[in-house]
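Within every chain, numbering begins at 1; the chains are lettered A, B, ... in the order of the sequence lines, protein sequences first and strands thereafter.
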Number of protein chains: 2
Amino acid sequence: MDPLGFSPHNHDHCISDGVAAADAQCRAKGLQLTPVRRRVLEILLQEHRAMGAYDILDHLRNEGLGSQPPVAYRALDFLVKHGFAHKIERLNAFVACAHPEGDHAPVFLICRDCNSVAESDGRTVRKAMADTASQSGFAIDRSVVEALGLCPNCREGHAE
Amino acid sequence: MDPLGFSPHNHDHCISDGVAAADAQCRAKGLQLTPVRRRVLEILLQEHRAMGAYDILDHLRNEGLGSQPPVAYRALDFLVKHGFAHKIERLNAFVACAHPEGDHAPVFLICRDCNSVAESDGRTVRKAMADTASQSGFAIDRSVVEALGLCPNCREGHAE
DNA sequence: GGGACTCATGTAATGTTATAACAGCCGCGG
DNA sequence: CCGCGGCTGTTATAACATTACATGAGTCCC
Ligand SMILES: [Zn+2]
Ligand SMILES: [Zn+2]
Ligand SMILES: [Zn+2]
Ligand SMILES: [Zn+2]
């Protein structure tokens, strides 16, 4: 699984692929990818960064799609709930999912310099967490795993 | 390392030991454990749960130790910065550190039923995260690791 | 002792993030 | 037509957090 976020890429694909994947999954599961929800997902994919709910709301307002906080929060709740986006707790912000195919347990790598957020494969980390939790009899439902540090690009700049 | 938080214990010890440990470390490092800071730590130890900054502020206000948000936030910043307390990002709340002896990289287990928060040993998890991050060239400074689920006590209730 | 400095605190004002509550709309099955 | 569930529009407010500036206590140097 590719961490994304730290490497150049054809960004048009991010958007079209992300929306297409969400579209397909919604059709498959009987969910409604309404105009607001679709647009919020597009905005997140377009900007390709962690955005606050109010940042997104600004976009929506400019486009006449809603101007009050609940509009943005409801769309974000839907996207997060169904795995099309994630909330970054540390930033109180949201990112489009980089791997919208099926279930996954992501680990986020947050650069403190350029604020980019990469979504990485969390399987080994989840395994370790499950082990840790089982020792105290705790049953994990979901988890928040976020690392803060320097991305490869910003490390270069600092190394000199 | 004991996860704490899910098992009965002599709670007076939590408080006196926690404050004593902070006191010793402050003396050793030349930090000032001022009345407000000490009192906030005591409150966190006393309540033994994740508390919002405004919950703490209420206590302080009742005791005439400060009534404005910055008073609570400054004390909490100090405690968190020096490892005497932790912020739970998922809850926007704070807990006293359960293992105030030296550096550590905790994993938090948050019960969605009773809201208790246990602090568990994160070494294996951090190892897994370091491996994951290194694959993409990311250098981790700090990390947020929080699991949400059911604690042993609440599991029993649900199992029936 | 006075002056400059640092660190902690007091307080007002404000900024940011998130939710509650209720009204209206629309598509669908009865 | 009617009721119902899901989505949206809007107002208001709750919850969380910071900026900015003033004050006071201790320390260092002279
Ligand atoms: Zn994802
Ligand atoms: Zn970076
Ligand atoms: Zn701790
Ligand atoms: Zn519980």
Distance in Å, A/N153 CG paired with A/C111 SG, rounded so as to fall on 0.5 Å steps
8.0 Å
Taking the side chain as every heavy atom from C-beta outward, state whether B/M51 and B/H59 have any pair of such atoms under 4.5 Å apart.
yes
B/D58 CG to D/dC16 P, in whole Å, measures 11 Å
Could you tell me how far apart A/M51 (CE) and C/dT17 (C1') are, to the nearest whole angstrom?
15 Å
Under 6.0 Å from the NE2 atom of B/H13, do we count more than 12 heavy atoms belonging to anything else shown?
no
Rounding to an integer number of Å, can you tell me how far A/Y73 OH sits from D/dT11 C1'?
17 Å
To the nearest angstrom, the CZ-C1' distance between A/R38 and D/dC7 comes to 16 Å
Check nucleotides 8-16 of chain C for protein N or O atoms closer than 3.5 Å to its own N or O atoms and list the pairs.
unit_1: C/dA8; atom_1: OP1; unit_2: B/R37; atom_2: NH1; d: 3.1
unit_1: C/dA8; atom_1: O5'; unit_2: B/R37; atom_2: NH2; d: 3.3
unit_1: C/dT9; atom_1: OP1; unit_2: B/T34; atom_2: OG1; d: 2.6
unit_1: C/dG10; atom_1: N7; unit_2: B/R74; atom_2: NH2; d: 2.7
unit_1: C/dG10; atom_1: O6; unit_2: B/R74; atom_2: NH1; d: 3.3

A/R39 side chain to A/L65 backbone, donor-acceptor under 3.5 Å:
no
Rounded distance (Å) that lies between atom C1' of C/dT17 and atom CZ of A/F94
9 Å
A/R49: which of A/L44, A/D55, A/N115 passes side chain to side chain contact (heavy atoms under 4.5 Å, CB included)
A/D55
Which whole-number value in Å describes the distance from B/I56 CD1 to D/dC16 P?
11 Å
Would you check if the distance from the ring center of A/H99 to the ring center of A/H86 is below 6.0 Å?
no
Whole Å only: how far is the CG atom of B/D77 from the P atom of C/dC7?
16 Å
Does the side chain of B/L76 reach to within under 4.5 Å of the side chain of B/K87, using non-hydrogen atoms?
no
Does B/N92 make a side-chain N or O approach to OP1 or OP2 of D/dA15 shorter than 4.0 Å?
no
Set out, in order, the CA-CA distance, both residues' side-chain angles and the distance that settles salt bridge (Lys or Arg N to Asp or Glu O under 4.0 Å) for B/D23 and B/R38, then state yes or no.
CA-CA 9 Å; B/D23 224 344; B/R38 174 187 296 263; 3.0 Å; yes
A/R90 CZ to D/dA17 C1', straight-line distance once rounded to whole Å
14 Å
Go through residues 80-87 of chain B and report each residue with a non-hydrogen atom lying under 4.0 Å from DNA chain C, sorted by number.
none
Protein and nucleotides 24-30 of chain C: nitrogen or oxygen contacts under 3.5 angstrom:
none

Please tell me if the side chains of B/R123 and B/H104 come closer than 4.5 Å, counting only heavy atoms from C-beta onward.
no
May I ask you to test the B/V144-A/L148 pair for a side-chain heavy-atom distance under 4.5 Å?
yes
Measure across B/F138 and A/A147 and return the closest heavy-atom pair with its distance rounded to 0.1 Å.
CZ-O, 4.1 Å
